[in-house]
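Ligands are counted one by one from 1 in listed order, and the atoms in each one are counted from 1 as well. This is a predicted model, so every value here is computed, not measured.
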Amino acid sequence: MSQLLEGKTALILGVANRWSLAYAIARAFIRENAHVILTYQGDRQKQTVEELAAEIKAAQVLPCDVTQDAQLDALANGLKHQGTVLNAVVHCIAFANREDLSRPFVETSRAGFALAQDVSAYSLVAVARASAPLMAPEGGSITTLTYLGSTRVVENYNVMGVAKAALESSVRYLAADLGPSNIRVNAISAGAVKTTSARGIRDFSKMLEGGTKMAPLRRNTDPAEVADTAVFLASDLGRGVTGNIIYVDAGMQIMGFALSE
Ligand code: NAP
């Protein structure tokens, strides 16, 4: 196997369990010989993430709730204190209230809208600000995960689609800010994958069914495909790519209307 991330250290946020896209990404990074640091949100997840980290030989597991500035500061200070120099950060975090992923979008509350924006979009800005000073002098890569519902209406995706639109715009503004330090910022727009978060979207199984019928490749997205694109972006192969939204969705994003199966 290739060793595309040999000598690189990556911070990966958002492993909840073995179905998480962040877990697939962590496995691919370790396959490519990266030194991987994982984070978990709260004590509830600590043991699970530590067990998964041990299984895949991740180097370290640290706490970080991205809505808490103090926890982001503690993460950055702790890494700095131990002399960690980062080459890559992968942000795989999103949250919205379940009721906002099932009722009409027009009924979204002010609090539900703000919560989705805070966890799913603003957190990338906060993570980028905390991690940029830890990046290697030659620069590095920040990658986040988004979905087609940012630019198209996907039934029930609702408030998360609006948060993903803010996230994708943040990718462009961050790429412009951090580009002079050779820090690249990109998003991977993944096709639908059955994960804990995705199961919170009403009728998510119908989205998966739609993928097998409508996507040009006539199948859904494999988390390993998303992970390999994350490897590419974090590796030297991705050195010229910043401010981009890269679709890894079996081609779903090009489809307008399908008349036949
Ligand atoms: P997942 O396994 O449920 O991962 C979501 C992660 O976000 C969990 O680890 C969750 O931690 C974490 N999180 C939520 N609030 C947080 C907070 N305040 N601080 C720190 N972490 C927090 O689901 P996933 O599908 O892999 O999601 C990862 C990313 O991929 C998300 O941005 C999602 O929108 C994106 N994405 C998913 C799909 C899909 O179809 N699955 C498609 C395109 C994009 P807890 O479990 O501890 O709450």
Note: heavy atom closest to atom 6 (C) of ligand 1, options Gly42, Ala16, Cys92, belongs to Cys92

Is the closest side-chain heavy-atom distance between Asn87 and Ser141 below 4.5 Å? no

Examine distances only and state if a side-chain atom of Glu107 and a backbone atom of Pro104 form a donor-acceptor pair shorter than 3.5 Å. no

Examine ligand 1 and decide if any of its atoms is less than 4.0 Å from a heavy atom belonging to Arg44. yes

protein heavy-atom neighbour closest to atom 12 (C) of ligand 1 works out as Ile93 CG1, 4.1 Å

Test side chain to side chain donor-acceptor pair (under 3.5 Å) applied to Thr144 and His91, step by step: CA-CA 5 Å; Thr144 187; His91 168 278; 2.8 Å; yes

Quick one: does Lys57's side chain have a donor or acceptor within less than 3.5 Å of a partner on Val36's backbone? no

Cys64 and ligand 1 - part of the residue with a heavy-atom distance under 4.0 Å: backbone

Does Lys206 come within less than 4.0 Å of Glu155, counting only side-chain N to carboxylate O? no

Hey, looking at atom 35 (C) of ligand 1, which of Thr39, Leu145, Val127 has the closest heavy atom? Leu145

Using heavy atoms and a threshold below 4.0 Å, how should the contact between Leu13 and ligand 1 be classified: side chain, backbone, both, or neither? neither

Ligand 1-proximal atoms of Val119, by part, heavy-atom distance under 4.0 Å: side chain

